[in-house]
Number of protein chains: 2
Amino acid sequence: MAARSTRKHSLGKPALPSSLRRRRGQDVTILDIAKCLDISHTTVSRAIAGHEHISEETKRRVKQAVKQMGYVPNASARTMRGQRSSVVGLIIPDVQNDFYATVAKIVADNLAAHAMQLMLSVTEDDPDRELRELRALLEARPAGVIIVPTASPKPQMIAMLRDLKSVQLVRTHAKITKNAVLIDDRAGTYAAARHLLACGHRRIAYIGGTTELSTGRERLAGFQAALADAKITSSNIALGPPRPDFARTSISMTMAMAPSSRPTALVLGSAELTLGALQGLRAANIDWPRDISLVGYHDPAWFELVGSGITTVRLPVQDVAQTATRVLLSELNSERANGGHAKEHTTIRLSPSLMLRGSTAALTEEQAGPMGRMAQST
Amino acid sequence: MAARSTRKHSLGKPALPSSLRRRRGQDVTILDIAKCLDISHTTVSRAIAGHEHISEETKRRVKQAVKQMGYVPNASARTMRGQRSSVVGLIIPDVQNDFYATVAKIVADNLAAHAMQLMLSVTEDDPDRELRELRALLEARPAGVIIVPTASPKPQMIAMLRDLKSVQLVRTHAKITKNAVLIDDRAGTYAAARHLLACGHRRIAYIGGTTELSTGRERLAGFQAALADAKITSSNIALGPPRPDFARTSISMTMAMAPSSRPTALVLGSAELTLGALQGLRAANIDWPRDISLVGYHDPAWFELVGSGITTVRLPVQDVAQTATRVLLSELNSERANGGHAKEHTTIRLSPSLMLRGSTAALTEEQAGPMGRMAQST
DNA sequence: TTGTACGCGTTATCAC
DNA sequence: GTGATAACGCGTACAA
């Protein structure tokens with residue numbers, strides 16, 4: 001019944017007897033192509049892979065059939081044979097955060113350029129979810145993972161990461177000894193505080209992420225170092241989850257202080273906290289830089305639109321993402337190259353820069369308060 | 001040397017002779033577990049799947065072994081047997097866009113809740129890239145796809161989509177007859193323009209996306225309808241790619257017009273265009289709502305921080321994303337249910353709402369100009 | 001230059 | 001309640 005497929009046309013059979021086209025309701029496989037071209041599936045496989053010892057003629061015919069029949073390689077089957085798939089996992093706390101969104105974009109671009117796929121996992125900074133996401137990801141046998149670890153990763157999750165090529169992004173966790181591409185966060189907040197000090201501010205507050213986060217520690221340290229260098233001992237510091245709400249709350253508490261002790265300047269230790277702080281200030285009807293100078297963290301496009309622009313610590317987002325991908329990909333290749341596991345862990349640290357805009361200003365007499373006239377040492 | 005791990009505990013052999021643990025350098029498989037427990041791998045598979053006719057005792061032992069040996073199911077193998085993987089592709093123009101970032105977040109959450117994986121593809125609104133991304137995605141044999149199509153999808157890409165469960169998001173393309181979850185864009189810009197008219201504005205400009213995009217058409221139509229309803233025939237309309245730069249350019253051109261004919265109000269037809277417009281206005285030193293009233297599109301958190309807040313068309317982002325995922329997942333299930341292909345294409349349209357803030361104000365005499373005193377019909 | 005045979009890890013089917 | 005076996009699509013060692 002089923003018409004045997006024809007042959008002889010210069011290149012195989014442009015007409016595909018529909019009966020042959022697919023075996024069941026399935027996709028086209030190299031076997032289908034082989035049958036159709038009356039050659040072995042091995043040849044088809046090799047032709048597609050652009051193997052050496054295949055006649056040009058055969059290659060041509062195969063390629064044509066591939067197009068005509070709409071053949072799409074089956075990644076699963078391919079992965080079964082080899083070890084790992086061409087998937088790279090990206091595990092981040094939050095895609096809505098402009099910083100990570102940018103990271104996702106860059107990583108996606110780079111992977112696409114290498115014919116790899118991006119599997120996205122969002123942890124919401126929840127260690128449990130982080131664990132679940134990684135476990136789920138592992139089922140795909142990814143070639144590698146780019147991860148921004150939560151504050152306290154589950155030991156189980158750390159263990160799983162050990163058998164996997166991975167790069168830590170932005171944050172490091174001590175227990176995870178792996179490649180890492182970081183930002184010199186210390187330098188960031190140091191510069192921020194330094195700038196405010198240079199503006200004459202002395203009562204400078206800091207709102208930052210928990211010290212459970214490596215970024216939280218670094219940024220806090222940078223801030224404190226700047227103040228210490230200026231011989232300022234006391235400061236108003238609030239640490240908590242890097243979410244807008246925390247900053248909002250902190251702001252309302254801080255601003256409830258007596259004017260004479262209330263900070264005249266503010267350093268933010270994360271992008272989300274900056275957003276929250278701005279919301280809080282606005283809600284409290286506190287104007288910047290008139291009432292308070294502030295330096296944000298990270299530099300989304302809209303920072304230049306708020307007020308007369310937000311002075312901020314600009315992060316090398318693109319660089320970080322690009323570098324992370326590069327490190328991961330090169331490790332994947334090195335694997336193939338020297339067969340063994342070249343266990344050299346790369347740690348790269350990129351520098352932020354201070355972007356001066358209109359949210360910071362010189363300390364005014366009014367801000368300084370009646371007894372606030374202090375020496376203005378550099 | 002290596003201390004033999006202990007044994008004898010109530011169940012079987014918890015001790016795993018390392019020689020048995022993995023066959024080569026591979027991952028643990030159900031076969032390893034089977035060997036270890038001295039049962040058949042079939043039983044292991046069934047135990048893991050929570051199959052019916054397996055003794056509780058066996059299930060318990062298997063589960064324990066799974067944990068101890070760190071077994072992780074191989075999605076590829078699973079996919080090989082069945083038809084499709086548990087991956088869902090999300091194809092969007094841009095993750096950095098707050099709107100799509102939010103979509104990605106919601107979709108990721110929903111999928112995670114259903115033990116599915118999110119594969120992210122970014123097209124940058126480039127049809128060629130869209131095609132490549134879909135092709136690459138197809139290799140993973142995804143269970144389905146959620147896609148925001150580009151303006152002019154390649155026929156080839158449309159063809160591939162036909163054999164795939166999919167949901168169109170926000171934008172529809174005529175040639176893609178599939179499920180779609182959309183926003184009533186027409187209502188959005190209609191309300192925006194209506195509001196400005198109510199404020200007394202008559203010279204209202206519109207900057208929107210190309211009419212090649214369904215969203216572009218709808219939004220333009222809504223704007224025009226509002227003006228037509230107010231018997232206003234002429235208007236300043238600029239259509240182009242929905243990118244900040246386009247809006248920036250348009251702004252500088254529009255604002256170069258003679259003051260008497262220059263628009264006193266502006267409706268934006270996309271989130272990115274709104275960003276660009278704000279940048280353009282600021283660069284041109286045009287203040288809002290003093291010099292011009294404007295209504296944005298979409299409502300990222302920062303809109304309320306700019307000036308006295310941006311009046312904007314608030315989109316039901318979460319709803320749209322949630323619904324799209326729900327539609328897709330339910331179709332996946334219905335597949336399983338009624339075996340056949342229930343070819344009922346769902347189209348859902350959700351409504352935006354106008355969020356009034358400080359970027360719009362009543363038309364002033366100054367804006368209206370010397371001869372600008374016109375009837376103020378509702 | 002091309003073809004044959006096997007295995008990757010799972011699950012469905014059938015047998016006991 | 002459990003086990004043996006086949007099959008999914010692909011790539012490669014081995015053979016011709």
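Since we're looking at a predicted model, the values are computed, not measured. Every chain is numbered from 1 and lettered A, B, ... according to where its sequence line falls, protein lines coming before strand lines.
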Q.
Holding to side chain to side chain donor-acceptor pair (under 3.5 Å), I want the full list of residues that pass it with B/Ser45, two or more places apart in sequence or in another chain.
A. none
Q: Give me the bend of the helix from C/dT1-D/dA16 to C/dC16-D/dG1, using the axes of the five pairs at each end, rounded to 10°.
A: 40°
Q | Contact state string [nucleotides 11-16 of chain D, B base, S sugar-phosphate only, - no protein heavy atom under 4.0 Å] | A | BB----
Q. Taking 4.0 angstrom as the limit, do A/Asp125 and A/Arg171 come out as a salt bridge?
A. yes
(Q) How many whole angstroms separate atom CG of A/Asp38 from atom P of C/dT2? (A) 13 Å
Q: Whole angstrom is fine here: how far is it from CD1 in B/Ile33 over to C1' in C/dG9?
A: 12 Å
**Q.** Among D/dG9, C/dT2, C/dT10, the nucleotide that comes nearest once only the side chain of A/Met80 is considered
**A.** D/dG9
Q: Name all residues meeting the side chain to side chain donor-acceptor pair (under 3.5 Å) criterion together with B/Thr58; count only those two or more places apart in sequence or in a different chain, and write none if there are none.
A: B/Ser55
Q.
Go nucleotide by nucleotide along DNA chain C from the 5' end; which of A/Ile54 and B/Ala49 gets its closest nucleotide reached first?
A. A/Ile54
(Q) Measure CG/B/Leu37 against C1'/D/dT2 and give the value in whole Å, please. (A) 14 Å
Q | Side-chain heavy atoms of A/Met69 within contact of A/Ile33, under 4.5 Å | A | yes
**Q.** A/Thr150: partners by side chain to side chain donor-acceptor pair (under 3.5 Å), with sequence neighbours left out
**A.** A/Glu130
**Q.** Closest-nucleotide ordering on DNA chain C, the 5'-leading residue of A/His53 and A/Ala77
**A.** A/His53
Q. Can you name the residues that form a side chain to side chain donor-acceptor pair (under 3.5 Å) with B/Arg129, not counting sequence neighbours?
A. A/Asp109, B/Glu124, B/Glu133
Q | Positive for side-chain contact (heavy atoms from CB on, under 4.5 Å) with A/Val167, one of A/Thr346, A/Leu329, A/Leu328 | A | A/Leu328
Q. Starting at NZ of B/Lys35 and ending at P of D/dG3, how long is that distance when rounded to a whole Å?
A. 15 Å
Q. Once you round it to whole Å, what is the distance between C1' of D/dT2 and CD of B/Glu56?
A. 15 Å
Q: Could you say whether B/Ile39 or B/Arg141 is positioned toward the 5' end of DNA chain D, judged by the nucleotide with the nearest heavy atom to each?
A: B/Ile39
Q: Specify the separation, in whole Å, of atom CG of B/Asn74 and atom C1' of C/dT11.
A: 13 Å
Q) Between B/Thr43 and D/dT2, does any side-chain N or O lie under 4.0 Å from OP1 or OP2? A) no
Q | Out of D/dG1, C/dT10, D/dG9, whichever nucleotide has its closest atom nearest the side chain of B/Ser55 | A | D/dG1
Q) When the distance from CZ of B/Arg61 to C1' of D/dG1 is rounded to whole Å, what number comes out? A) 14 Å
Q | Sidechain N-carboxylate O distance under 4.0 Å for A/Arg141, B/Asp27 | A | yes
Q: Apply side chain to side chain donor-acceptor pair (under 3.5 Å) to B/Asn179 and B/Glu331, showing your working.
A: CA-CA 10 Å; B/Asn179 299 313; B/Glu331 186 164 341; 2.3 Å; yes
(Q) Applying a 4.0 Å non-hydrogen cut-off, can you work out what A/Ser76 is touching in the nucleic acid: base, sugar-phosphate, or nothing? (A) nothing
